[in-house]
There are 2 protein chains.
Amino acid sequence: MEKSWASSLDLLVPLEGGGGRRAALERAIRDAVRAGRLGAGERLPSSRALARDLGLARGTVAEAYGQLAAEGYLSTRPGAPTRVAAGLHPAEPNGAAPDPLPSPPRPRFDLRAGLPDVGAFPRSAWARTLRRALADAPDDALAGGDPRGRAELRGALASYLGRTRGVLADPERIVVTSGFTQGLLGLCRALREEGVRFLAMEDPCLWHQRDIAAGAGLRVAPLAVDDEGAVPEVPAGAGAAVVTPAHQFPLGATLAPARRSALVGWARDNGALVVEDDYDGEFRYDRQPVGALQGLDPEHVVYAGTASKTLAPALRLGWLVLPRRLIQSVAEAKQLLGGTPNLEQLALAELIRSGAFDRHVRRMRQRYRRRRDLLLELLAKRASKLRTRGVAAGLHLVLELPGGGDREDELLARAAERSLGLLGLGPFWHGARPERQGLVVGYAASPEHNYRRSLHVLGDVLGA
Amino acid sequence: MEKSWASSLDLLVPLEGGGGRRAALERAIRDAVRAGRLGAGERLPSSRALARDLGLARGTVAEAYGQLAAEGYLSTRPGAPTRVAAGLHPAEPNGAAPDPLPSPPRPRFDLRAGLPDVGAFPRSAWARTLRRALADAPDDALAGGDPRGRAELRGALASYLGRTRGVLADPERIVVTSGFTQGLLGLCRALREEGVRFLAMEDPCLWHQRDIAAGAGLRVAPLAVDDEGAVPEVPAGAGAAVVTPAHQFPLGATLAPARRSALVGWARDNGALVVEDDYDGEFRYDRQPVGALQGLDPEHVVYAGTASKTLAPALRLGWLVLPRRLIQSVAEAKQLLGGTPNLEQLALAELIRSGAFDRHVRRMRQRYRRRRDLLLELLAKRASKLRTRGVAAGLHLVLELPGGGDREDELLARAAERSLGLLGLGPFWHGARPERQGLVVGYAASPEHNYRRSLHVLGDVLGA
């Protein structure tokens with residue numbers, strides 16, 4: 001009996017008003033059902049457990065349940081739990097109001113940039129490492145701890161980023177974040193506290209980045225981009241320049257060597273920062289990978305990476321490698337914005353440490369390279385007049401639309417008609433740039449089985 | 001060979017400078033080790049894999065590895081992976097700099113308030129539900145989605161909160177957060193955008209709450225607290241009053257019925273909000289549990305809860321139940337602050353749906369009630385002159401220190417000497433209140449095996 005009581009459900013029943021305790025119990029449940037607090041099909045505790053919780057005789061609860069069943073509020077069947085009856089209409093049917101945030105349907109063919117193929121997520125490896133992390137975790141890993149994140153993950157990241165990206169990342173200067181957005185927001189807040197009032201960001205860049213800066217109260221100045229990446233002429237007074245050196249997002253250029261030095265030199269001369277968003281640094285298809293800018297000057301470059309492209313965005317795992325003077329203030333800002341679960345951190349640490357993470361990245365690099373090659377073949381056949389940019393790396397390329405041909409919005413409308421998810425270059429520019437139109441074609445997001453069909457639809461849209 | 005290549009490790013080696021490719025490779029690895037980017041013991045890819053990655057002959061890589069081993073940079077053994085040799089001193093030994101954020105040691109005896117017994121976390125149930133969530137999750141659960149969080153969890157919470165706390169919570173108005181801090185910060189940001197400039201918070205309250213409001217640019221006015229909970233005299237112009245109706249934190253009073261109505265009435269009359277922090281609503285030890293305030297007026301009360309006390313803080317899972325007009329703005333603010341991983345959300349949904357969550361809460365309620373009873377016994381024996389507050393619910397109680405006896409700081413110093421973790425009432429007050437001294441004794445944080453000894457130490461500290 002003790003067991004059945006403890007293993008039951010909680011139910012809130014305020015026994016108020018006159019007419020005895022059975023009447024009060026009936027009234028409480030009736031009110032909860034009428035008000036919608038107890039929904040149709042909701043399971044109730046056993047009469048024995050509820051009686052004990054409320055200090056009533058079991059018979060009293062059983063009689064009340066019986067009465068409410070007779071009135072149509074509850075449904076009771078021998079051997080089955082008592083439940084709230086279906087088909088009742090609560091006084092204020094909350095669920096019936098229209099959802100203020102309806103989700104847009106996923107396009108049938110998905111060539112949107114910025115997403116990896118989540119169908120390839122290594123579910124069984126992740127399940128294994130999560131289970132091991134949970135079994136091995138010390139109790140303190142369940143309580144909270146260092147605002148920078150678990151030492152196990154910071155250690156694994158320091159090795160991994162040093163080996164694969166040339167980052168000088170001792171574990172003390174790493175702050176684990178719930179993805180890039182949180183990291184950049186935390187950094188912006190820390191900079192604002194230091195008196196920084198504005199940043200430079202590449203034009204074009206991910207529009208969301210500009211919202212993040214604004215969300216921390218910072219203004220954004222544009223940093224021009226050409227075939228050699230960001231032009232290192234940062235407006236005077238900027239506290240930081242946010243750049244994508246390995247593969248400019250979205251245009252795809254690699255930052256030229258002279259510009260790498262110039263940018264870092266600017267930061268050093270002005271007591272400012274370069275924020276290096278290495279958003280797809282793992283995916284480079286030629287044989288000369290480009291190391292991280294951070295290695296040039298760890299005290300003036302913040303390195304930002306995530307597991308969103310290599311594993312899955314829904315893990316919400318990212319990291320910043322920080323100059324020493326910023327560690328404390330960014331860690332404090334990060335803690336305020338919201339913690340990152342320890343178990344997932346331990347699992348990622350183990351995945352990296354075991355080599356399974358490298359294996360997955362190498363497998364995905366082969367897959368994405370094949371997809372890119374298929375896309376280039378298609379473009380050569382169906383859109384040979386359009387110039388492509390940024391094909392050497394990453395998970396997307398840009399198709400430039402010269403004046404006189406199809407316009408961006410026409411092509412996007414045609415794509416939408418075919419349920420093809422596709423982005424235009426438009427929203428990435430800081431201001432309107434009608435003369436610089438283009439399509440951003442992501443070749444990673446699609447499920448594998450659907451990729452060739454998606455390309456086919458793209459061919460139709462471009463060639464129509 | 002394909003397999004061994006794909007299953008190898010990534011290594012960044014920029015082949016630059018003169019002297020041939022083997023020399024360039026040797027130089028690149030030597031530089032990486034010297035600079036500390038490749039740390040002692042770090043594993044290198046097999047010579048076959050690296051050769052293929054770089055487009056070199058395998059022999060070239062093997063010779064370079066051999067040369068670097070001869071120079072003492074690498075350590076090679078037949079049949080084992082090549083690694084960076086131990087005992088090297090990189091030019092700038094990053095790891096050697098002192099950590100700017102050293103972690104304080106955990107006290108040997110832990111009676112700090114605000115923490116649950118993480119040793120009782122249901123690891124195997126959580127591992128099972130996580131595994132099932134990962135196996136059953138649709139691919140889109142790995143990609144991202146609704147900024148309010150997964151519909152599965154919002155649905156499970158709506159049922160659970162309606163049944164156990166009397167919350168009117170249809171799933172549309174729930175926003176899942178990475179814990180209470182993130183939820184309150186998101187709400188504060190949304191309110192500030194509506195023009196709110198200050199909030200009222202209970203005095204005393206958790207000091208961290210005041211930091212959160214400040215972090216969103218809001219001022220905080222105090223709301224007095226007496227034996228009936230918060231006094232519902234909210235300063236004119238406040239956009240919201242943040243309260244703990246079920247069990248005032250830290251003083252422990254339950255908000256009196258007349259004050260419940262008065263507070264909600266104030267919010268309604270002023271177009272303002274009550275923010276109900278139901279931080280330990282699950283832990284009430286008498287037979288008349290108090291339902292959530294939110295049920296009185298879902299359009300003027302925000303309900304905030306978390307899994308931090310019922311399961312573990314490190315999960316970083318919380319939720320807000322919002323008035324309709326705030327759903328969109330809070331969801332947008334939440335997304336900016338940092339996402340909450342979907343897999344953990346799916347696991348919690350399944351834990352609630354299966355009844356395992358209720359069982360765990362009921363088990364913990366029995367455990368904490370036993371601990372509270374032991375604490376009260378000890379206090380009756382060793383500190384019978386001190387008045388206790390807030391014993392009917394929650395995970396802590398307050399010991400008032402009358403003038404003339406031991407002072408708060410003396411007792412805390414004595415506790416620290418014995419490695420007893422304990423909080424004083426001091427930091428919870430908005431301003432200094434030397435006449436209101438007390439200790440906040442948490443009976444949940446301690447591991448079970450250590451609890452009686454911790455009480456014993458407390459007895460010594462109080463009775464010394």
Side-chain angles (χ1 to χ4, degrees), chain A residues 6-7 9-12 14 36-39 42 54-55 94-95 99-101 103 115 118-119 121 123 127 130-131 134 139 141-144 146 159 162-166 168 170 172 178-179 182 215 287 289 291 312-316 327-328 331 336-339 341-342 344 358-359 362-363, chain B residues 6-7 9-12 14 36-39 42 54-55 94-95 99-101 103 115 118-119 121 123 127 130-131 134 139 141-144 146 159 162-166 168 170 172 178-179 182 215 287 289 291 312-316 327-328 331 336-339 341-342 344 358-359 362-363:
Chain A
S7 71
L9 300 168
D10 274 353
L11 180 68
L12 177 77
R37 291 193 302 273
L38 282 174
E42 189 69 42
L54 299 175
N94 278 304
D99 188 346
L101 289 176
S103 296
L115 292 169
V118 291
F121 180 76
R123 292 192 188 216
L130 261 181
R131 194 174 59 227
L134 189 50
D139 279 348
L142 295 164
D146 194 316
S159 294
R163 169 167 57 78
T164 66
R165 305 293 302 129
L168 269 163
D170 69 301
E172 311 305 346
S178 295
Q182 187 184 62
R287 279 182 165 147
L315 295 184
R316 308 315 306 146
I327 300 173
Q328 179 138 11
L336 187 68
L337 299 180
N342 281 344
E344 297 216 320
D358 276 75
R359 286 196 294 278
R362 292 171 71 88
R363 211 157 37 226
Chain B
S7 70
L9 300 167
D10 274 354
L11 179 69
L12 177 78
R37 291 193 302 273
L38 282 174
E42 189 69 41
L54 299 175
N94 278 304
D99 188 347
L101 290 175
S103 297
L115 292 169
V118 291
F121 180 75
R123 292 192 189 218
L130 260 181
R131 194 174 58 228
L134 189 49
D139 278 349
L142 296 164
D146 194 316
S159 294
R163 168 167 57 78
T164 66
R165 305 293 302 127
L168 268 163
D170 69 302
E172 310 306 346
S178 295
Q182 188 184 62
R287 278 185 168 146
L315 295 183
R316 308 315 306 143
I327 299 174
Q328 178 137 12
L336 187 67
L337 299 180
N342 281 344
E344 297 216 320
D358 277 75
R359 286 196 295 277
R362 292 170 72 88
R363 210 156 41 224

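Chain naming here is simple, since letters A, B, ... match the order of the sequence lines and numbering starts at 1 in each.
- Between the CZ atom of B:Arg316 and the CZ atom of A:Arg316 there is a distance of 16.0 Å, given to the nearest 0.5 Å.
- Taking the side-chain contact (heavy atoms from CB on, under 4.5 Å) definition, one finds that A:Leu130 meets it with A:Trp126, A:Ala347, B:Leu130, sequence neighbours left out.
- Heavy-atom pairs under 4.5 Å with chain B were tallied for A:Gly179, A:Ser159, A:Ala127; the largest tally goes to A:Ser159.
- Heavy atoms closer than 4.5 Å to chain B are found in both the backbone and the side chain of A:Arg123.
- Your options are A:Pro341, A:Gly162, A:Ser178, and the one with the most heavy-atom pairs under 4.5 Å with chain B is A:Pro341.
- Residues B:Gly144 and A:Ala314 share a closest heavy-atom pair of N-CB, 4.2 Å.
- For A:Ala141, the part lying under 4.5 angstrom from a heavy atom of chain B is the backbone only.
- Counting heavy-atom pairs closer than 4.5 Å to chain B, the top residue among A:Gly39, A:Gly339, A:Gly338 is A:Gly339.
- In plain terms, the two heavy atoms of B:Leu142 and A:Pro313 that are nearest each other are O-CD, 3.3 Å.
- Residues that satisfy the side-chain hydrogen bond (donor to acceptor under 3.5 Å, both in side chains) test with A:Arg163, not counting sequence neighbours, are A:Asp358, B:Glu42.
- From A:Leu12, atom CG reaches atom CZ of B:Arg165 across 6.5 Å, with rounding to the nearest 0.5 Å.
- Counting heavy-atom pairs closer than 4.5 Å to chain A, the top residue among B:Gly291, B:Ala143, B:Ala331 is B:Ala143.
- Residues B:Gly215 and A:Leu336 come closest through the heavy atom pair CA-CD2, 4.1 Å.
- Of all heavy-atom pairs between A:Gly119 and B:Asp139, the closest is CA-OD2, 3.5 Å.
- Among A:Leu315, A:Ile327, A:Leu134, the residue making the largest number of heavy-atom pairs under 4.5 Å with chain B is A:Leu134.
- The minimum heavy-atom distance linking B:Gly166 with A:Arg37 is given by the pair O-CD, 2.9 Å.
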